[in-house]
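Scroll down for the structure; my scribbles are underneath it.
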Amino acid sequence: MKNMLKRICALVFAAAFVLILVTPATETKAQEGAKVGYSYAFDYWGDVQYSPDAYATSRVFTSVDLGIDTKLKLPQGLTVVDDMVYICDTGNDRILQLQRTGAAEITLVRVIDSFTGDTEVTTLHTPTDVAVSKFGNIFIADKDNHRIIKLDKDLNLLQEFIKPTHETFDQTAEFLPSKIVCDSAERVYCIASTITKGLIKFEADGVFSGFIGANPVQYNFIDYVYKRFATREQLEKMESFVPTEYDNLYMDYDGFIYVSTTHCSENGLRNGSENALRRLNLMGSDILIRNATGEACYPIGDIHMGNAGGYSGASLLCDITTLDNDCYFALDRNRGRIFAYDDQGRLLFAFGGVGNMDGYFRYPVAIDHMDYDDKHDLFILDQFDCSITLMTPTEYGNAIFKAIEEFKDGKYEESCASWENVISLNGNYDLAYIGIGRTLLREEKYKEAMEYFKLKYDRENYSRAYVQYRKEWCEEHIVAIVLVILALICIPLIIGRIKKVKFEIDTNDYLQRLEKNGKLNLK
């Protein structure tokens, strides 16, 4: 009996061991893609909905991995152009030019710490940002040398952009360029420390042409009233109402400039009176679309700003990059997270955090993207860790981008199928249902679209679909509608006429009976 029990136990353990070995091998790709990681999004009510990971860490590059003898020191800037990656090694007064040579390989091309040209100082001092024009010319924000320099491919000095002497520029302030971009005509747009009037614009010939896109002035109403009645001495002791500074900027493929700022209050972000992210046109007006609904209606990063894990307050969106499909990524310096938004300002997903593991950051300061092998890869620069993290979209992330791009290209049937694929990977993803609804709306399937919009509380799109569905229904039933209207008008008239004739007949009969009985003489 004991031997029989031992055999049964051995068989049970053997079967359990076989199941453990077999189950992972038989797991489908969809199941693998649906594993929930540290990525999340917000639903209509503002609740966190965890999702499969949209991005995975391919590799973290340190100074040793890059083959650099001197370790990175307080790096501040990151720029990606084609397959080149430029790192501003600010603490070491140099620029590192790297080239991507494989899926997870980056090779050092050269170190830019000096140049040749007709100028007194031919070395860099605290470079904070780099921009490269379509002609291959390199623009460097040489901050502590108080200039922006323009170099050719061989590092020959072509031009210097120095402190403007125009009367609109405060001559008492130092010119400390921190972030720069250049357009197709090699006009330069610059963020300078202590300058709050907006972006500084230089023409291609180096002439200062003004400021664009100044942030709206934020002030306290009580302080405003107090200033109206304060004395000169009291006013001198109070702070002035000035626009807030930008932290970073990025120029998209259409020439529009995305800017980010960390100088926003929690209340201002919640009610939409202050914007951490803006998209500026040539006039400096903010044209960023904000069509999200529900609690997460503004692109502000995390909507839950309480104290958790030692981090509190609003997200500090210190950098931004945008894809050619009009989706954009914002980097949160406060909690080390990355927020992805679509062209309507709706949160696609968020991931990252503060930590020492791959996919987490200690103090991220810059982000940029590279389209490689049909994927939208991300590079994130960590200042404290002195490292560059390469992140690649997963099957789930690629499915989302594919659905968005197909919709943008007018491939509505394909987009609908791609959104259904996203739902198969994450059934709680609100934007997939809204995406299907938008696709059906474009295909003029208004009633079906209304069902999807209603499911995810998308009132604006539901109203659009309802208006079109009502119009379509009226056109299909116009004959019946006209008949009903005519019936409503004519039937009461006919009934009234019949009643009137009947009344006249009955009255006449009654009068004749009275006359016949001699009670009434009608002659």
Side-chain angles (χ1 to χ4, degrees), residues 77 119 121 125-131 133 137 139-150 158-220 223-224 227-228 230 232 235-252 255-264 268 273-288 318 320:
T119 183
V121 181
H125 189 18
T126 319
T128 53
D129 203 11
V130 178
S133 73
N137 295 324
F139 296 79
I140 300 175
D142 196 8
K143 185 175 182 179
D144 284 345
N145 279 329
H146 312 288
R147 64 184 178 180
I148 300 170
I149 58 174
K150 175 183 176 181
L158 299 177
Q159 196 174 1
E160 280 186 312
F161 301 81
I162 59 175
K163 178 180 176 179
T165 57
H166 196 270
E167 59 184 6
T168 60
F169 195 96
D170 184 5
Q171 297 303 308
T172 62
E174 289 187 297
F175 181 53
L176 300 171
S178 59
K179 299 298 176 182
I180 57 173
V181 294
C182 65
D183 61 15
S184 57
E186 294 196 333
R187 288 183 288 261
V188 176
Y189 300 85
C190 164
I191 295 174
S193 301
T194 71
I195 302 300
T196 61
K197 292 184 178 181
L199 304 180
I200 303 171
K201 181 181 177 181
F202 292 96
E203 297 297 332
D205 58 2
V207 175
F208 169 71
S209 60
F211 300 92
I212 67 168
N215 253 322
V217 176
Q218 303 295 331
Y219 61 89
N220 184 288
D223 290 340
Y224 175 78
K227 281 191 173 186
R228 301 291 294 179
R232 182 182 296 275
L235 289 173
E236 290 176 353
K237 295 179 181 180
M238 294 186 67
E239 294 183 357
S240 300
F241 297 142
V242 296
T244 56
E245 297 180 45
Y246 292 123
D247 286 75
N248 225 317
L249 73 170
Y250 184 90
M251 181 170 286
D252 67 8
F256 295 104
I257 299 176
Y258 287 77
V259 291
S260 64
T261 179
T262 59
H263 303 83
C264 295
S273 61
E274 300 179 42
N275 297 313
L277 303 176
R278 304 177 73 196
R279 188 189 189 200
L280 307 179
N281 60 14
L282 295 177
M283 301 300 294
S285 302
D286 182 15
I287 58 172
L288 187 68
C318 62
I320 185 172

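- A side-chain contact (heavy atoms from CB on, under 4.5 Å) with Y189 is found for one member of I212, V259, L280 and no other, namely I212.
- Judged by distance alone, the side chain of N281 and the main-chain N or O of G284 form a donor-acceptor pair under 3.5 Å.
- Listed here is the closest heavy atom pair of A141 and P177: CB-O, 3.8 Å.
- In summary, the side chains of D247 and T262 do present a donor paired with an acceptor at a separation below 3.5 Å, with no hydrogens or angles considered.
- Looking only at side-chain heavy atoms (C-beta outward), I200 and F211 come within less than 4.5 Å of each other.
- Between the side chain of D142 and the backbone N or O of H125 there is at least one donor-acceptor pair closer than 3.5 Å.
- Looking only at distances, a side-chain donor or acceptor of K179 sits under 3.5 Å from a matching main-chain atom of T128.
- Checking side-chain atoms of D170 against main-chain N and O of T172 turns up a donor-acceptor pair under 3.5 Å.
- Between K163 and E174 there is no salt bridge, since none of the side-chain N atoms of the basic residue sits less than 4.0 Å from a carboxylate O of the acidic one.
- Residues Y258 and Y250 place their aromatic rings such that the two centres sit no closer than 6.0 Å.
- With a 4.5 Å cut-off on side-chain heavy atoms, I191 and I180 do not count as touching.
- Here the side chains of N248 and C318 are not in contact, with every heavy-atom distance at 4.5 Å or above.
- The two atoms that bring N137 and K150 nearest to each other are ND2-CE, 3.7 Å, heavy atoms only.
- In this structure, D129 and S178 approach most closely via the heavy-atom pair CB-O, 3.4 Å.
- Note that the CE atom of M251 and the SG atom of C182 stand 7.5 Å from one another [nearest 0.5 Å].
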Could you walk me through whether N275 and D286 pass the side-chain contact (heavy atoms from CB on, under 4.5 Å) check? CA-CA 10 Å; N275 297 313; D286 182 15; 3.8 Å; yes
Any chance you could lay out the side-chain contact (heavy atoms from CB on, under 4.5 Å) test for F202 and V207, step after step, and finish with the verdict? CA-CA 5 Å; F202 292 96; V207 175; over 6 Å; no
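- Side-chain contact between H146 and L176 is present, with at least one heavy-atom pair separated by less than 4.5 Å.
- The side-chain heavy atoms of R147 and I140, taken from C-beta on, include no pair separated by under 4.5 Å.
- Counted by atom type alone, S209 and E203 present one or more donor-acceptor pairs between their side chains at under 3.5 Å.
- Relative orientation of the F169 and F175 rings is perpendicular, given thresholds of 30° and 60° on the angle between their planes.
- Other residues, nucleotides and ligands contribute only 12 or fewer heavy atoms inside 6.0 Å of the CG atom of L282.
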Using the side chain to side chain donor-acceptor pair (under 3.5 Å) rule, take S133 and E186 through it: C-alpha gap first, then chi angles, then the decisive distance, then the call. CA-CA 6 Å; S133 73; E186 294 196 333; 2.7 Å; yes
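- Here the CZ atom belonging to R278 is positioned 8.5 Å from the OG atom belonging to S285, to the nearest 0.5 angstrom.
- The main-chain N or O of K143 is never found under 3.5 Å from a side-chain atom of T126 such that the two would form a donor-acceptor pair.
- Contact of the F139 side chain with the I149 side chain is not registered, since no non-hydrogen atoms from C-beta on lie closer than 4.5 Å.
- Here Q159 contributes atom CD and D205 contributes atom CG; the two are 7.0 Å apart, rounded to the nearest 0.5 Å.
- The two atoms that bring I195 and A173 nearest to each other are CD1-CB, 4.2 Å, heavy atoms only.
- T119 approaches E160 most closely through the heavy-atom pair OG1-OE2, 3.3 Å.
- Taking 4.5 Å as the limit, some side-chain heavy atom of Y246 sits within range of a side-chain heavy atom of L199.
- Q171 places a side-chain N or O within 3.5 Å of a backbone atom of H166 that can act as its donor or acceptor partner.
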